[in-house]
Amino acid sequence: MPNLGVGVGLRTTHYAHILEQEPEVAWFEVLSDNYMHTRGRPLEILDRIAERYPIAMHGVSLNIGSTDPLDLAYVRELKALRDRIGARWVSDHLCFTGVAGRNTHDLLPLPLTEETLRHVAVRARVVADVLEAPLVLENPSTYLEFAGNALREWEFIAALAEEANLGLLLDVNNVVVSAKNHGFEPETYLAALPMERVVQIHVAGHTDHGTHAIDTHIGPVPDAVWRLYGKARELGADASVLLEWDAEIPPFDVVHADALRAERLVELGAAAGF
Amino acid sequence: MTAHAPALSLATLEDWLVAVNTEPGELADALERAARRCGVNATAADDLERVVTRGPRLSALERLSIYRDGYVARLVECLADDYPALACALGELEFGRLARDYIAAHPSRSPSLDAHGAALPAYLDTRSEAWARCASDLARLEWALVEVVHAETKPPLTADAVAGLDPGDFARARLTASPALRVLGFAHPVNRFYQAFCEDSAGELPGPESSAVAVHRAGLSVYRLELEPTMRLLLSLLTGGETLGDALATLERELSPAELTHVQTHLAEWFGAWIAAGFFTALELP
């Protein structure tokens with residue numbers, strides 16, 4: 001999948017600025033679910049933005065790990081939206097959001113077992129068949145681990161990516177958050193991932209409560225996340241970069257300027273050897 | 001990773017975690033109900049850590065609470081986004097209480113958060129608080145605003161197309177309403193309250209006074225047009241699919257002579273304004 005450069009997550013508060021000012025941005029990531037259950041204004045705005053900018057789709061409701069039947073109607077709607085706006089790829093999260101028809105609208109952690117691995121791999125392959133393209137999955141932020149886990153998350157993701165031919169969306173902020181919450185070294189996590197499968201990198205901010213960290217997407221991106229981003233680049237992740245900023249969102253130019261730090265880090269990193 | 005961890009299936013663990021997150025009441029109550037529902041006996045601290053591990057600094061219970069608190073907060077925030085004037089009118093505490101009761105009564109079953117607030121107006125009709133009737137009216141107005149944002153729009157019927165209608169065909173003509181139009185009647189002046197909210201000058205919820213409004217989207221903008229009672233009746237008949245002739249005949253039956261004279265005086269003006277606003281998308285002759 002193409003490296004689109006440094007992009008920004010499209011947020012409603014920036015619609016007017018983007019439509020009126022047409023800022024120079026390499027690409028936008030759109031939240032798929034915001035445009036799938038509407039025939040109205042959000043879709044009309046997205047159509048206009050997609051005419052001008054490359055787009056990638058990022059969702060939160062695929063429910064890939066659930067033991068409920070895979071919602072094929074949802075997957076077909078994803079495909080229809082992708083085809084409508086010419087999105088370069090479709091991503092979601094390694095998680096489950098609900099079961100037995102109940103939806104928490106949260107990215108709930110999966111038990112990291114062989115059973116889960118087989119279950120998710122089968123479903124990811126079905127999704128890829130419907131999409132006629134590899135599914136891209138993101139490592140989530142998690143706040144608990146199951147006592148029955150047989151694998152660490154990085155082992156699980158590496159095995160799943162191979163088994164289901166996944167593209168990976170590496171969220172380095174989520175690695176920092178989960179590392180704090182579970183007590184592992186972020187570098188250990190990155191070192192185990194197949195970087196050649198990383199098609200996109202997320203950078204974002206989080207809120208550190210001392211005892212734990214929450215993935216709030218509040219900006220600007222902290223140095224610890226940028227450092228891990230640099231490490232990912234060093235390990236060979238040559239992928240599109242996207243800044244997520246969802247809390248206390250400032251004017252568009254502020255968000256974009258923070259995202260562009262990724263480019264400067266690449267230049268600095270290249271000089272430093274990665 | 002722990003030798004004594006029970007071998008719980010993926011399905012069981014998922015059912016349990018969702019139940020712990022979504023069962024109403026306190027976390028301890030939710031754990032009891034989740035245990036009964038899923039057969040996961042994890043209600044005391046020791047039992048719980050056989051299912052969810054203790055973290056470096058948080059207990060298993062504290063780690064579960066992060067998800068459980070997030071579930072409620074996320075849905076309350078979503079409702080406040082859909083019903084900002086109602087949230088402002090009730091205040092954070094009262095709105096939060098209402099939202100949590102609603103979430104308990106209407107847990108989300110859709111992949112989309114957009115649909116979750118749809119039943120709030122009807123839910124308010126079941127509440128006994130003094131403010132509930134007005135709150136229900138205000139919620140219906142705010143949900144109509146949500147609906148028209150997400151409704152498809154089609155090219156509007158033009159004034160030229162109406163002007164081209166043969167006068168002899170006028171009575172049997174039927175108009176097609178825009179999918180992005182809602183005509184609403186209320187027992188409280190909630191559009192006036194909503195306008196005050198938009199201007200940052202809303203006070204307490206108003207007392208009873210009938211009112212009506214047309215909510216409509218054209219392009220990217222959403223409009224609210226206050227309707228007087230006879231306007232509302234005529235517009236409701238037309239958007240309900242009656243022919244122009246049948247709608248006018250209904251008015252003749254339903255209205256007093258003075259009201260009918262009022263309609264006849266303003267009919268062309270109203271009709272012209274509705275066409276200009278894009279309330280209708282087609283005109284057909286059966």
Side-chain angles (χ1 to χ4, degrees), chain A residues 15-16 19 33-34 36-45 59-63 65-68 71 73-74 77 96-106 108-113 115-116 119-120 142-152 180-184 209-212 214, chain B residues 1-2 4-19 21-22 37 42 48-58 60 62-68 70-71 74-75 78 107-116 147-153 179-180 217 219-222:
Chain A
Y15 279 168
L19 292 174
D33 305 272
N34 289 356
M36 291 172 63
H37 309 281
T38 179
R39 289 289 168 268
R41 186 166 69 186
L43 206 49
E44 292 169 20
I45 291 171
V60 292
S61 301
L62 182 58
N63 205 8
S66 175
T67 47
D68 274 358
D71 187 346
Y74 178 86
E77 284 178 48
F96 79 108
T97 55
V99 75
R102 292 166 298 162
N103 201 319
T104 67
H105 303 284
D106 201 352
L108 298 176
L110 289 165
L112 302 179
T113 63
E115 181 198 9
T116 307
H119 178 73
V120 177
T142 57
Y143 310 107
L144 66 78
E145 290 178 311
F146 291 101
N149 281 2
L151 299 165
R152 299 309 302 256
K180 165 108 186 178
N181 294 336
H182 307 313
F184 61 77
H209 293 276
T211 53
H212 62 287
I214 300 282
Chain B
M1 288 184 295
T2 52
H4 62 291
L8 296 169
S9 70
L10 174 63
T12 300
L13 281 171
E14 288 188 342
D15 201 25
W16 176 79
L17 186 56
V18 169
N21 269 282
T22 58
R37 175 191 167 93
L48 194 56
E49 290 188 7
R50 297 182 67 231
V51 181
V52 170
T53 59
R54 166 182 287 274
R57 289 163 292 272
L58 295 181
E62 289 167 327
R63 300 178 104 189
L64 270 176
S65 295
I66 294 172
Y67 285 100
R68 184 174 163 80
Y71 167 73
R74 190 163 34 259
L75 292 187
C78 174
S108 178
R109 294 190 170 275
S110 163
S112 169
L113 263 176
D114 291 342
H116 181 243
E147 284 186 330
V148 302
V149 162
H150 291 290
E152 188 177 12
T153 53
R217 182 168 72 86
L220 300 183
S221 301
V222 173

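All chains are named by letter (A, B, ...) in the order of the sequence lines, taking the proteins before the strands, and each is independently numbered beginning at 1. This structure is a prediction, so every number in the text was calculated from the model and none was measured.
Interface residue Ser112(B): backbone and side-chain heavy atoms are both found under 4.5 Å from chain A. For Leu110(A), the part lying under 4.5 angstrom from a heavy atom of chain B is the side chain only. If you measure heavy-atom distances from Leu17(B) to chain A, the contacts under 4.5 Å come from the side chain alone. Contacts of Phe96(A) with chain B are made by side-chain atoms alone, with heavy-atom separations under 4.5 Å and no backbone atom involved. Residue contact with chain B, scored on non-hydrogen atoms closer than 4.5 Å, is absent for Thr113(A). Using a 4.5 Å cut-off between heavy atoms, Ser110(B) contacts chain A through its backbone alone, with no side-chain atom that close. With a threshold of 4.5 angstrom between heavy atoms, Asn63(A) does not approach chain B through any atom at all. Contact annotation for Pro111(B): both backbone and side-chain heavy atoms come within less than 4.5 Å of a heavy atom of chain A. Interface residue Arg109(B): backbone and side-chain heavy atoms are both found under 4.5 Å from chain A. Both the backbone and the side chain of Ala11(B) come within contact range of chain A, judged by heavy atoms closer than 4.5 Å. In this structure, chain B has a heavy atom under 4.5 Å from the side chain of Ile214(A), while its backbone stays farther away. Looking at Ala19(B), the atoms closer than 4.5 Å to chain A (heavy atoms on both sides) sit in the backbone and in the side chain alike.
In this structure a side-chain-to-backbone donor-acceptor pair under 3.5 Å is missing from Asn103(A) to Ser108(B). Checking side-chain atoms of Arg217(B) against main-chain N and O of Ala180(B) turns up no donor-acceptor pair under 3.5 Å. One N or O on the side chain of Glu14(B) and one on the backbone of Thr67(A) form a donor-acceptor pair closer than 3.5 Å.
The residue among Pro111(A), Pro109(A), Gly183(A) with the most heavy atom pairs within less than 4.5 Å of chain B is Pro109(A). Among Pro56(B), Pro179(B), Gly70(B), the residue making the largest number of heavy-atom pairs under 4.5 Å with chain A is Pro56(B). Contacts with chain A were tallied for Val222(B), Leu220(B), Asn21(B), Asp114(B); Leu220(B) has the most, counting heavy-atom pairs under 4.5 Å. Across His119(A), Arg41(A), Glu44(A), the residue that shares the most heavy-atom pairs under 4.5 angstrom with chain B is Arg41(A). Most heavy-atom pairs under 4.5 Å with chain A: of the set Leu64(B), Leu75(B), Leu13(B), Val149(B), this distinction falls to Val149(B). With respect to chain B, the highest number of heavy-atom pairs below 4.5 Å among Met36(A), His182(A), Glu115(A), His105(A) belongs to His105(A).
With 3.5 Å as the limit, one finds no donor-acceptor pair spanning the side chains of Thr211(A) and Glu62(B).
Other residues, nucleotides and ligands contribute only 12 or fewer heavy atoms inside 6.0 Å of the CZ atom of Arg39(A).
Between Asp33(A) and Tyr74(A), some side-chain heavy-atom pair lies under the 4.5 Å cut-off. With contacts defined as side-chain heavy-atom distances shorter than 4.5 Å, the pair Leu10(B)/Phe146(A) does not qualify.
The pair Arg102(A)-Asp15(B) meets the salt-bridge criterion, since a charged nitrogen lies less than 4.0 angstrom from a carboxylate oxygen. With salt bridges taken as basic N to acidic carboxylate O contacts below 4.0 Å, none links Arg63(B) and Glu49(B).
Of all heavy-atom pairs between Asp68(A) and Ala100(A), the closest is OD1-N, 2.8 Å. Taking each heavy atom of Thr142(A) and Tyr67(B) in turn, the nearest pair found is CA-OH, 3.4 Å.
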